[in-house]
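Quick caveat: nothing in here was measured; it's all calculated off a predicted structure.
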Amino acid sequence: MPLLPASIPISAVVEGRLDEVVLEVVIRSTGATLGAVHGRQGKHFILKHLENYNRAAQNSPWIILLDLDYDGNCAPSYRRRCLPNPANRMCFRIAVREIEAWLLADRERLALFLGVPKRCVTEHPEAVPDPKHEIITLAARSRMRRLKQDMVPRENSGRDVGPAYNSRLIQFVMDEQNGWRPEIAAQSSESLRRAIACLRRLAAQ
């Protein structure tokens, strides 16, 4: 019986390390493979090089993942404004409003990780104005002192997040036993559901 051809790895462009880890788990959940990862220098850097990435997607599969933040009220219109003519093998997706909203969407697992009751985690993550601040607020209520110290900014530190905020969330996302589940989160996050559907189409080409 002949072997099926291996899927071509999907090249990715992300704002930072947390986005990269989240995207890797999402891609793996679709049965595809993450290839080379580009960007990692914030949204402005990606937008500056958007056309170069789009040209590369004429010949091989690519995904670009950006946070919507407050750059628009609607992810589809913002996406069209940024890249009106995406290449055939380009999957350009927007997390509403930040990648943290996708993590909030798995209420049960995030509550377990943060050590807070599930009822404290919003049922509507994409309606949260500042998902990062929402996670920090939840962490501040945690019964786990060390986690709280890692994720919540210290008083008068001048920082928006705690010293190990990203590291802790990366730990949550990568935990194969009790970590984040994209297929569950997609039930409460439309932008994640659309990203997964786009990746599946890309992998099938």
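- Note: the hydrophobic cluster containing I136 also contains L18 (ILVMFWY, side chain heavy atoms under 4.5 Å, direct or indirect links).
- The closest side-chain heavy-atom distance from T33 to I10 is not below 4.5 Å.
- Annotation for A111 and V121: closest pair CB-CG2, 4.0 Å, computed over non-hydrogen atoms.
- Atom CZ of R141 has 12 or fewer neighbouring heavy atoms from other residues, nucleotides or ligands inside a 6.0 Å radius.
- The heavy-atom pair separating C82 from L50 by the smallest distance is O-CD2, 3.4 Å.
- More than 12 non-hydrogen atoms from other residues, nucleotides or ligands lie less than 6.0 angstrom from CE of M144.
- Hydrophobic clustering of Ile, Leu, Val, Met, Phe, Trp and Tyr side chains at less than 4.5 Å, counting indirect connections, keeps V37 apart from V13.
- Put simply, the side chain of N88 never gets that close to the backbone of Q58: no donor and acceptor are under 3.5 Å apart.
- There is no path of hydrophobic side-chain contacts, each under 4.5 Å, that joins V96 to L103.
- Side-chain contact between I94 and S191: absent, with no pair of heavy atoms (C-beta onward) separated by less than 4.5 Å.
- Between I64 and C91 the shortest side-chain heavy-atom distance does not fall below 4.5 Å.
- Side chains of E190 and E126 form a contact here, defined as non-hydrogen atoms less than 4.5 Å apart.
- Distance alone, capped at 3.5 Å, is enough to place a donor-acceptor pair between the S142 side chain and the L114 backbone.
- Looking at every heavy atom in both residues, A186 comes nearest to L192 through N-CD2, 3.6 Å.
- Between the side chain of S188 and the main chain of A185, no donor-acceptor pair closer than 3.5 Å is present.
- Here the side chains of S189 and R193 are not in contact, with every heavy-atom distance at 4.5 Å or above.
- The minimum heavy-atom distance between K132 and E98, with the atom names listed, is N-OE1, 3.0 Å.
- Between L66 and F92 there is a side-chain heavy-atom pair separated by less than 4.5 Å.
- The number of heavy-atom neighbours closer than 6.0 Å to CG of N52, taken from other residues, nucleotides and ligands shown, is above 12.
- Between R40 and E20 there is a salt bridge, with a side-chain nitrogen of the basic residue lying less than 4.0 Å from a carboxylate oxygen of the acidic one.
- Of the possible donor and acceptor atoms, none in the side chain of R159 sits under 3.5 Å from a partner among the backbone N and O of P153.
- Both L104 and I170 belong to a common hydrophobic cluster when Ile, Leu, Val, Met, Phe, Trp and Tyr are linked at side-chain heavy-atom distances under 4.5 angstrom.
- Taking every heavy atom of both residues into account, E51 and L83 meet most closely at OE2-CD1, 3.8 Å.
- Atom CG of D160 is surrounded by 12 or fewer heavy atoms from other residues, nucleotides or ligands within 6.0 Å.
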_Between V26 and I196, does the side chain to side chain contact (heavy atoms under 4.5 Å, CB included) criterion hold? Intermediate values first, please._
CA-CA 7 Å; V26 172; I196 290 173; 3.8 Å; yes
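- When all heavy atoms of G115 and R143 are compared, the closest pair comes out as O-NH1, 3.2 Å.
- None of N166, V173, I99 except one satisfies the side-chain contact (heavy atoms from CB on, under 4.5 Å) rule with V21; the exception is V173.
- T137 places a side-chain N or O within donor-acceptor distance of the main-chain N or O of H133, the cut-off being under 3.5 Å.
- At a threshold of 4.5 Å between side-chain heavy atoms, the hydrophobic network of Ile, Leu, Val, Met, Phe, Trp and Tyr places I184 and W102 in two separate groups.
- Looking only at distances, no side-chain donor or acceptor of R168 sits under 3.5 Å from a matching main-chain atom of M151.
- Two residues are said to be in side-chain contact when any heavy atoms from C-beta on lie closer than 4.5 Å; R93 and I63 meet this criterion.
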*Report the C-alpha distance between E15 and L65 in whole Å, list the side-chain angles of each, state the deciding distance to 0.1 Å, and finish with yes or no for side chain to side chain contact (heavy atoms under 4.5 Å, CB included).*
CA-CA 7 Å; E15 294 188 35; L65 178 60; over 6 Å; no
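- Note that CD of Q205 and OG of S60 are 11.0 Å apart. Values are rounded to the nearest 0.5 Å.
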*asked:* Quick one, W180 with L110, criterion side chain to side chain contact (heavy atoms under 4.5 Å, CB included). Give me CA distance, side-chain angles, the key distance, then yes/no.
replied: CA-CA 7 Å; W180 183 67; L110 184 64; over 6 Å; no
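- Put simply, the side chain of Y70 gets close to the backbone of P129: a donor and an acceptor are under 3.5 Å apart.
- The CD atom of E24 sits 6.0 Å away from the CE atom of M174 when rounded to the nearest 0.5 Å.
- D71 and K43 are joined by a salt bridge, as a carboxylate oxygen and a charged side-chain nitrogen come within less than 4.0 angstrom of each other.
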*Kindly determine whether E100 and L169 satisfy side chain to side chain contact (heavy atoms under 4.5 Å, CB included), including the steps that lead there.*
CA-CA 9 Å; E100 282 88 348; L169 287 185; 4.2 Å; yes
*Run the numbers on D69 and R97 for salt bridge (charged side-chain N to carboxylate O under 4.0 Å, His left out), then give the verdict.*
CA-CA 5 Å; D69 297 316; R97 289 197 175 261; over 6 Å; no
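- Side chains of V152 and Y165 form no contact here, defined as non-hydrogen atoms less than 4.5 Å apart.
- Of the possible polar contacts, one joining the D106 side chain to the R181 backbone as a donor-acceptor pair under 3.5 Å is found.
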